[in-house]
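Let me begin by presenting the structure, written as structure tokens, before commenting on it.
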Amino acid sequence: MVNVDTPVLVVGAGPSGLTLANELARHGVTVRIIDRAPAPATTSRALVVQPRSLEIFEDMEVIDDVLAVGGKAPGINVMFANDKSVRLELDDLLNDPANYTTYQSLFTLSQDDTERILTKKLEERGVRVERGLTMTDLAAGEGHMIVSVRAADGTTRAIRCAWVIGCDGAHSAVREAAGIPFEGTTYPDEFIMADAELDWDLPDGDIYAFPSRAGFIAAFAMPGEHRFRIFGNVKAGPEGPGPEYSEPTHEEFQAMVDERMPLPATVVREHWVSRYRLHRRVAPRYREGRVFLVGDAAHVHSPAGAQGMNTGIQDAYNLAWKLALVANGIAGEPLLDSYQAERHPVGKRLLTTTDRLFAVISGQSATATFLRAHLAPQIVSRVLARHSIRTWLVGTLAQLRVAYPASPLNHEDGSGWKAAPAPGDRARQADVLIDGEPGRLHDLLHGTRHTVLLFAGTGGARQEAELCRVADRIRHAYPDLVTAYVISTERLTDHPALVGDPDRSAHDRYGLGRAAAAFVIRPDLHICYRGTPIDTGTLLAELARRLPGAAPKAVDSPFA
Ligand SMILES: Cc1cc2nc3c(=O)[nH]c(=O)nc-3n(C[C@H](O)[C@H](O)[C@H](O)COP(=O)(O)OP(=O)(O)OC[C@H]3O[C@@H](n4cnc5c(N)ncnc54)[C@H](O)[C@@H]3O)c2cc1C
């Protein structure tokens, strides 16, 4: 690699940039992160942290700080004017195999708290956000990038780096300098939002949505008594939308509440208010050579579903381990192309689904108004009465079902998988015994390595000892890059790689029966390989293909 100031430069210290910088540092990559703002933001903005993001925060070792500050939102309520209400009880719905997670509710945490916690962890990892530095231009050098940066005093400087990551939000200067378009449009309506105190008869803690003929209003519980984030759409007047950032008034919020909520409610006071326009846009390319886009720089959509920040966090979690393997010479550049292949479809799909949902909940056409007033109460309550639909909906909202079915990294051997998770899926959570103590399967997957899970099967074939030897061989071949475990319902041997599954719950959650099966899990806890029956040579070949820059250490390895 040519001489650079830093291998990776992250532009923007919002949730996406802070996640990426943290992850790179955790994976042992030297990183710099700059932000044009002289100080961290202090407003609440993104409030809902989805369960999948909490799983990521656990891997990032910030979960204790997050749980200490935020609050659980155990239920989502859709309430209509005619007393037809639907409540989604989240812990009940986050129990099926694909949804099962340690974090069985949505979680509310102000974005400034999220950013503060991520910044603190980053500093513990030895990286400081360099503030007051604005990225102004990019140029490609031979095997590196030159990033022009302007300091607060007007002086300029150039930073040479191998990769530059645009985490600089919807108006991304990195995206523009890289010549990547941002395709889409702006919604005609305005939105008004307040972090407010509400006096009403509904309990604290939950999330409430009130679709009505006039439009839409929602109330998301915030930490604190009677504190809610309320927001709704405001029809643009005949002159079109008003000035984008004129402050909405107390009277506007109370009028919206009176008009759209089917119960008496008083807005006691507002703590933070905002008026804004919404956009639906996505970059057609998330990568241009040595430039990557992450988070709002790559995609923006309506807030329906509270997905924006969470999607940026997952973008970053997806990209970081790949960049680390390439920066450390373990994997080749093509691995980086899988970022576009995996995350772009997620961003595009999100745009489509939130757009449709948004059209129904806030659209002003005669059809949308009729739907909200007359059909939605019947349809929503009937559709959501079906457990399978509720389960799918909540798992999707919680981002636990994000999958990369078309990823070039996916591979499988064998057949008869039935209900097993496929390559590209998130590795499922399960309850197991680790060192004889109750634990969770994800505990084994955390860290920076790939993990091979060798499920012994429920056929009583008593092959634990042989599988433990396979696990040993893998661990020995790639000590810093891969670890391996044997999931056994039998527990006949005492071995450090052995994980107990006495009630077969892990086998059940992985849809496995009598036959043994292997899964290779990536550092971002997505499955990249599954194979049955288990074949040591095939597994080692899989790992060698994925980690070509690592010399396997096993003496008798076919790749030695
Ligand atoms: C009112 C509101 C409510 C929301 N609610 C939710 C929710 O409940 N759940 C959810 O998931 N999402 C929500 N969102 C969306 C969420 O806030 C965004 O998706 C999220 O902030 C995106 O994070 P990011 O890091 O990609 O970009 P940003 O948060 O926009 O961060 C970009 C950073 O880059 C810096 N920057 C910009 N340009 C430059 C430059 N040229 N040089 C250097 N630095 C630069 C900025 O100062 C900023 O710090 C909400 C958004 C709003 C506005």
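Atoms within each ligand, like the ligands themselves, are counted from 1 in listed order.
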Distance-only N or O hit between ligand 1 and [X], under 3.5 Å:
| X | answer |
| --- | --- |
| Leu47 | yes |
| Met309 | yes |
| Tyr276 | no |
| Ala297 | no |
| Val11 | no |
| Trp272 | no |
| Gly295 | no |
| Phe220 | no |

Contact atoms of ligand 1, heavy-atom distance to [X] under 4.0 Å:
| X | result |
| --- | --- |
| Gly14 | 25 (O), 31 (O), 33 (C), 49 (O) |
| Val48 | 7 (C), 8 (O), 9 (N) |
| Ala173 | 41 (N) |
| Met135 | 40 (C), 41 (N), 42 (N), 43 (C) |
| Thr134 | 41 (N), 42 (N) |
| Met193 | 1 (C), 3 (C) |
| Leu133 | 42 (N), 43 (C) |
| Gly308 | 10 (C), 11 (O), 12 (N), 19 (O) |

(message) Just verifying a value: how many Å separate Gln307 CD and Gln50 CD, rounded to the nearest 0.5 Å?
(response)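 Rounded to the nearest 0.5 Å, the CD-CD separation comes to 5.0 Å.
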(request) Look up atom CE in Met145 and atom CZ in Arg160, then write down how far apart they are to the nearest 0.5 Å. (result)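 One finds 12.0 Å between CE of Met145 and CZ of Arg160.
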(request) Sorted by first residue and then second, give each salt bridge (Lys or Arg N to Asp or Glu O under 4.0 Å) pair with at least one member in residues 165-182; sequence neighbours left out. (result)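 Applying salt bridge (Lys or Arg N to Asp or Glu O under 4.0 Å) to every pair that reaches into residues 165-182, excluding sequence neighbours, yields nothing.
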For ligand 1, note which part of [X] has a heavy atom under 4.0 Å away: side chain, backbone, both or neither.
| X | result |
| --- | --- |
| Thr311 | neither |
| Gln111 | side chain |
| Arg229 | side chain |

(message) Checking Glu58 against Tyr103: is there a side-chain donor and acceptor pair closer than 3.5 Å?
(response)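 Their side chains do contain a donor-acceptor pair, which is all the 3.5 Å distance test asks for.
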(message) With no hydrogens and no angle check, just 3.5 Å: does a side-chain donor-acceptor pair link Ser44 and Arg229?
(response)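 Judged by distance alone, the side chains do pair up.
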(request) Decide yes or no for Gln104 and Lys72: does some side-chain heavy atom of the first lie under 4.5 Å from some side-chain heavy atom of the second? (result)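 Counting from C-beta outward, Gln104 and Lys72 never come under 4.5 Å.
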(message) Measuring only between side-chain heavy atoms, which start at C-beta, is Lys322 closer than 4.5 Å to Leu325?
(response)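 No. Closest side-chain heavy atoms not under 4.5 Å.
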Just list the side-chain donor-acceptor pairs under 3.5 Å for residues 282-295, sequence neighbours left out, or say none.
| from | atom 1 | to | atom 2 | distance (Å) |
| --- | --- | --- | --- | --- |
| Arg285 | NE | Glu288 | OE1 | 2.6 |
| Arg285 | NH2 | Gly179 | O | 3.4 |
| Arg285 | NH2 | Glu288 | OE1 | 3.0 |
| Arg287 | NE | Gly289 | O | 2.8 |
| Arg287 | NH1 | Asp337 | OD1 | 2.7 |
| Arg287 | NH2 | Gly289 | O | 3.3 |
| Arg287 | NH2 | Glu333 | OE1 | 2.9 |
| Arg290 | NH1 | Ala162 | O | 2.9 |

Identify the protein heavy atom lying closest to [atom], giving its residue, its atom name and the separation to 0.1 Å.
| atom | value |
| --- | --- |
| atom 14 (N) of ligand 1 | Ala46 CB, 3.7 Å |
| atom 26 (O) of ligand 1 | Ser16 OG, 2.7 Å |
| atom 30 (O) of ligand 1 | Gly169 CA, 3.6 Å |

Which is closest to [atom] in terms of heavy atoms, [options]?
| atom | options | result |
| --- | --- | --- |
| atom 45 (C) of ligand 1 | Glu176, Arg36, Gln399 | Arg36 |
| atom 35 (C) of ligand 1 | Val10, Asp35, Leu18 | Asp35 |
| atom 32 (C) of ligand 1 | Gly12, Cys167, Ser274 | Cys167 |

(request) State whether the number of non-hydrogen atoms from other residues, nucleotides or ligands found under 6.0 Å of Arg87 atom CZ is greater than 12. (result)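 Yes - once you tally the heavy atoms of other residues, nucleotides and ligands closer than 6.0 Å, there are more than 12.
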(message) Tell me if the centroids of the rings in Tyr187 and His279 come within less than 6.0 Å of each other.
(response)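 Centroid separation for Tyr187 and His279: 6.0 Å or greater.
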(message) Measuring centre to centre across the rings, with the benzene-like ring taken for any Trp, is Phe220 within less than 6.0 Å of Phe231?
(response)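 So the answer is yes for these two rings.
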(request) Please report the C-alpha distance between Ile217 and Met261 in whole Å, then the side-chain angles of each, then the deciding distance to 0.1 Å, and finally whether the side chain to side chain contact (heavy atoms under 4.5 Å, CB included) criterion is met. (result) CA-CA 7 Å; Ile217 185 167; Met261 286 191 185; 4.0 Å; yes
(request) Report the residue from Leu94, Asn95, Leu54 that forms a side chain to side chain contact (heavy atoms under 4.5 Å, CB included) with Thr101. (result)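 Only one option passes, and that is Leu94.
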